[in-house]
Every structure is written in C-alpha cells, then in structure tokens.
Enquirer: 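Below is one structure. I have some questions about it.
Note on naming: letters A, B, ... go to the chains in the order of the sequence lines (proteins, then strands), and numbering restarts at 1 for each one.
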Amino acid sequence: MSGPVMGAMAVILAYLCFTLLIGVITGRQTSKSSEGYFLAARDLGPWVMFFTLFATNISAFAYMGAPGGAYHLGVGFFGYLATTTSLAAVFFYLIGYRTWLLGRQYQYMTAPQLFGDIYGSGAVKNVILFVLIIFTVAYMVVQPIGAGYVISGLTGGAVPSWVGVVAVLVFITIYVFIGGLKATAYADLLQGSVMMICVVAAFLLIIFKIGGPVTAANNLLATYPELLGRGNFSLPQWISFGMVIALGVPVFPQLFTKYLAAKNPDSLKTTMSFYPFAMILIYVPVLFLGAFGHGVFPGLEGKQSDSIIPMLLGNFYAPWVGAAVMAAVLAAIMSTTAAQLITISTMYLKDIHMVYFDKNPSEQKQVFIGRVVIFSLAILCCVIALNPPGAILAIVTWAFTGYAVLTPGIMAALYWRGSTAAGVVSSILAGEAVLVLFAFGIVPMSILGTWQVAVPAVLTAAIVLVVVSCLTKPNEKEKISVDQKHDFLDTIFKSENA
Amino acid sequence: MKGKDFLWGIALFLPFVLYVDFWQWDTIYPMVFGWIPWHVFYQILLNVAMVVIFGLFSLYRWPKNPFKD
C-alpha cells in the first residue's frame, strides 16, 4: 500500500475515531433513563438541534448524486434540491412545534404514538408505524453502501467496499449504542460542521485549479451551455419534485424524534430560520462543481458522474486531501444512519414491544431493549448493504413519495378537529395504494407525462381524508381524545399571547 | 382569522409560489458575479428571503412557550 493511500486511510480513521469520541463522551450521562436515552432528556438546545436536523436530512446524495445530476442536467438542480428542502423548513413550525407541544404535555416519544393518541386509535398508530418502518428501514440499510464506495474510492481500491461498510457501521453503532440520541445529536454537531466546512473547502480547492468560477462558467458556456440553463427540467417535474421534498422531508420519523427532543421552542425557531441558509451553503458548491467538472472529465456516463468531486480532488491533490474533504460524505452517511437507528429502535420499543410484549418494563430494561434493537438493526444493515436485494432498492426509490403521502393526515391530526381516525387511515392507505399501483406498473407511468407519482398520490390522500372524515362520525372515545388535544393546542394558539 | 395572521400565512406560503418561476425558465443572463446564471441566483435570493421571513416569524409571531422552562 502506497504512502498517499496510507495517508488517506489515516485521515478517514482519525475522523471516525473523533466522531466516536464525541458521541461517547456527550451521550453517556443521559443514557440511564428511557427518555434520556431515546430523546436526549428532551434537552436539545438551538444549535445542537439545528446541526442535528441538518446533518440528519442531508444524506450522501447531496455529495454524490447531486453533483452527478448537475454534471448531466446542469445547475438548474439548485432550485430542484435546495429551495425545495428549504421550503420543508416551514413545517418545522407547522408540524414540529405542535408535535413538540403535544409531546411535552403528554410525554409522547414517537410519531405513531402521538398521532394514534390524538384520535385514541390503534389503527391510526399502526398504519403510520407500518409506513414509517417500511420506508425508513429500507432507506437506512442502503446508506452504508455509499460509505463503502467512498472509502474504496479514496484509497484507490486498496480498502475494499465491504471493509468501508463494516467500519462505518461499527463506529456508528458504538456511539448510538452507548449514548442514544444525545450521542447522535452531538456527533451531528461535528458532522454538520464538517459537512459545511468540507464542501466549501472542496469548492475553493477545485475552483482555483480550473481557473476560477468565471473562467469555468465561460468554458461551460462555450461547450455545454445547456448545463447553465434549465432546459433539462420541465415545469411538471419541478412542481412534482417540490411536492415530494417539501412534504416528504418534514415527516421523516427521525425528524419527529428531533422535534420531540427539543429543549424549548427556540430550538425549532433557530433551525427553521437558518435552514435555508445551510441549503445555499451546501448546494451551490456541489452543483457548480458537478457542472464545471465537465471541463476536466468530459463524457462520464450514468453513475460515473456521482464521483465527480472525489475525481476532481484526486486529479489535483494528494489522496489525503481528498480524504479530508470527503469526510463530509462519511459525515452525511453516518448522521443519517445514526438518526434512523435510534428512531427505529424507539418506535419498536414504544409502539410494538411495550404494546404487545411487555407493557411496563423498567427504565433500565427499556434502554436495554433499545440497545438490542440498535445492535440487531446494525447487523441487518451490514448484511443488506453488502448484498442489497432489488426489492430494498425499489422501496428506497419510492420512500420520499411514501412519506409525503402521510402529510395530509398528519396536518389534519394537528389542525382539523373535524378529521376522524377513519379519514386519516383511509387517506394514508389510499395514497400508498396509488403509489403501489404505479410502482408495480399496474397503472403505467406514461399516463403522468413528466409529472411524478407524488402528485396523484398526495392529492388522492388529501381528497380521501376530507371525504371520509366528512362521511364518518367519531365514536365517543375518539371525540373526547381529539377534543382534549385540540383544546390544549387552542389554549396556546388562540390565547392573547399567541 | 385575524388580519395579521392572514398576512403571516401569505408570507409563509409565498415562497412555495415563487419557487415555480416559470416566467424566467431558461434565463441565464445576467450572469451574476460572472458565473451564476440568473435563474440560479433567483433561487438563491428566494432562499435568503426564506431566512428573513422565517426569522421574522420566529421573532414576532411564534406563540409563547406555555411551559415554564
């Protein structure tokens, strides 16, 4: 193994160890109680919340798929990715704050628990749980695949992909296992900072090697002018994608965990306010590097372009520089996977284990069960990431649409006293059914033109929600439960202080 | 709905409408700073506008915390 490759490996290993250290040190104090372990004792302050939400939401796609997309389709990707994600921040108030208020008042720890209890309905809880588990487990198990590619790529293949997958999973599992959500959140403080700093560093390092941004843009104008325009995107695609991201992102289950773990409203206010700024900081550099990469590596095909940033770094600098900068990709993968691990283990404990197997375990036993689930999920992740079945990859393709379908029902639960459990359950089932019909080719995608499946799926969910809620009457238990939650919310939102 | 609430509602909803900038779909020029096409710069400005709107909303309209923290 050559010296430069050893240097790259040393940088990666140092980064993984530092993340582990932060997670273990910060997380160990809160891991004795169930609320401490799974929700960081509901004590995440503004900046930790901002960085953990940011790091959780930004996956490896931002550093690989996005520049790869810009390489082929152009910098028009900015609005497509950054603005749509920024729009989702409105829901940190619309959904996040009400979730936090109800969670604080009634001690909820998961999204299914909260929405099931609003209606006093096991059906609502189970349907939301089922959808969240299906898409989140699939999404989680494929994340480490990216880590394998990155580590293998940076070391010139000296470290095989499977070693990268296993190494990253081992490090994540240790700090999540020991410190729970607090370890995850404080590790994200580091990961989020690394993601921002590294991407700006990569931009500066590369852009001056290719003559500066103005020269690079002029070269692109002369050779591939369409990459500076937006002709590769259609308006229906633009609107559809906006709907998928803006409605799908805010209902990620790992985001609900973060909403519930906020120390006070300031945590959500800070996150909502600065989130669009973070999107500018991330997406301007990666997308312009992707498009400008044409000048250095023309003719890349398909997924080859996903590695355009590491390729550019490798072309101009020693491998250890690339490794230091591409720590951002590892940070993105680790933060997303860690958040999903802790969230799925919380949902298993609160919504399955404590409902069906052991209704009243001690605090220590709850933490123990959570750790067992985290360990088991990590093993599952490892096995699937090393040999991903086609079905899992297909589910991931549809995950954002699957999440977006939940949003009408979730908004109704938080805002519409007249909505019913039957309405919410029917809405989710109908929306997901539309998705399944298109995903399995029962209804041909061609009838949508360039619109995406999210549009008919979310519209169906919304219409069914309204129609069924209007046609059904809640039973006495449901009515009392809904009134109790909305009376509580009304005291806050309709008071003179509101 | 009170007048101020209505205005805040519009302010929060407006970025969703402005995101769909069909009237300048493929407008590259002017290239801001010599390298950012106009349609991208417009979307960057929209993100900055969201920072301002969300910040002002958080300061002036976010309901008070009912819990004594």
Enquirer: If I measure from the heavy atoms of chain B, does A/M272 come under 4.5 Å with its side chain, its backbone, both, or neither?
Expert: both
Enquirer: Taking all non-hydrogen atoms of both residues, which atom of B/F54 and which atom of A/S86 are closest, and how far apart?
Expert: CE1-O, 3.9 Å
Enquirer: Determine whether a donor-acceptor pair (N or O, by modelled atom type, separation under 3.5 Å) exists between the side chain of B/D26 and the backbone of A/G231.
Expert: yes
Enquirer: For atom CZ of A/F277, is the number of surrounding heavy atoms from other residues, nucleotides or ligands below 6.0 Å larger than 12?
Expert: no
Enquirer: Could you state the interatomic distance from CG (A/L221) to CD1 (B/I28), rounded to the nearest 0.5 Å?
Expert: 6.0 Å
Enquirer: Less than 4.5 Å to any heavy atom of chain B: does that hold for the side chain of A/L235, its backbone, both, or neither?
Expert: both
Enquirer: How long is the straight-line distance from OG of A/S273 back to CH2 of B/W62, given to the nearest 0.5 Å?
Expert: 7.5 Å
Enquirer: Against chain B, label A/Q105 side chain, backbone, both or neither, depending on which of its atoms sit under 4.5 Å from a heavy atom there.
Expert: both
Enquirer: If I take atom CG from residue A/L94 and atom CG from residue B/L12, how far apart are they, to the nearest 0.5 angstrom?
Expert: 6.5 Å
Enquirer: What part of A/T85 gets within 4.5 angstrom of chain B, counting heavy atoms only: side chain, backbone, both, or neither?
Expert: neither
Enquirer: With side chain to side chain contact (heavy atoms under 4.5 Å, CB included) as the test, would you mind laying out the steps for B/I36 and A/F288 before giving the verdict?
Expert: CA-CA 9 Å; B/I36 306 176; A/F288 276 91; 4.2 Å; yes
Enquirer: Between B/W25 and A/F233, does the ring centroid distance fall short of 6.0 Å?
Expert: no
Enquirer: Can you confirm whether A/P276 sits close enough to B/V48 that some side-chain heavy atom of one is under 4.5 Å from a side-chain heavy atom of the other?
Expert: no
Enquirer: For A/Y93 and B/F57, take the angle between the two ring planes, folded into 0 to 90°, and tell me which bin it lands in: parallel under 30, tilted 30 to 60, perpendicular over 60.
Expert: perpendicular
Enquirer: Distance from B/S58 atom OG to A/F274 atom CZ, nearest 0.5 Å?
Expert: 9.0 Å
Enquirer: Counting only heavy atoms closer than 4.5 Å, note whether A/A216 contacts chain B via side chain, backbone, both or neither.
Expert: neither
Enquirer: Side chain, backbone, both or neither: which part of B/Y42 has a non-hydrogen atom closer than 4.5 Å to chain A?
Expert: neither
Enquirer: Find out whether A/V90 and B/F16 are in side-chain contact, i.e. whether some heavy atom of one side chain is under 4.5 Å from a heavy atom of the other.
Expert: yes
Enquirer: For the aromatic rings, using the six-membered ring if either is Trp, is the centroid distance between B/Y19 and A/W238 under 6.0 Å?
Expert: yes
Enquirer: Do the non-hydrogen side-chain atoms of A/K269 and B/L59 ever get within less than 4.5 Å of each other?
Expert: no
Enquirer: Side-chain contact, heavy-atom cut-off 4.5 Å: A/T83 with B/M50?
Expert: yes
Enquirer: Looking at CG of B/N47 and CG of A/L281, how far apart are the two atoms once the value is rounded to the nearest 0.5 Å?
Expert: 11.5 Å
Enquirer: Does A/R230 come within less than 4.0 Å of B/D21, counting only side-chain N to carboxylate O?
Expert: yes
Enquirer: Check each atom of B/I44 against the heavy atoms of chain A and say whether the ones under 4.5 Å are side chain, backbone, both or neither.
Expert: both
Enquirer: Quick check on A/Y106: does its OH atom have over 12 non-hydrogen neighbours (other residues, nucleotides or ligands) under 6.0 Å away?
Expert: yes
Enquirer: Side chain from CB out, backbone as N, CA, C, O: work out which of these in B/L56 comes under 4.5 Å of a heavy atom of chain A, or both, or neither.
Expert: neither
Enquirer: Contact between A/W100 and B/F67 at the side-chain level, heavy atoms closer than 4.5 Å - yes or no?
Expert: yes
Enquirer: Between B/W38, B/F33, B/W35, which residue shows the highest count of heavy-atom pairs closer than 4.5 Å to chain A?
Expert: B/W35
Enquirer: Where on A/L220 is there a heavy atom nearer than 4.5 Å to chain B: the side chain, the backbone, both, or neither?
Expert: neither
Enquirer: With a 4.5 angstrom heavy-atom cut-off, is it the side chain or the backbone of A/L287 that approaches chain B, or both, or neither?
Expert: neither
Enquirer: Taking side chain as everything from C-beta outward and backbone as N, CA, C, O, which of these in B/Y29 sits under 4.5 Å from a heavy atom of chain A? Side chain, backbone, both or neither.
Expert: side chain
Enquirer: At a heavy-atom distance under 4.5 Å, which candidate from A/P213, A/A246, A/A217 has the highest pair count against chain B?
Expert: A/P213
Enquirer: Within a strict 4.5 Å, meaning less than it, do heavy atoms of the B/P37 and A/V75 side chains meet?
Expert: yes
Enquirer: Using modelled atom types and a 3.5 Å cut-off, is there a donor and acceptor pairing between side-chain atoms of B/H39 and backbone atoms of A/L228?
Expert: yes
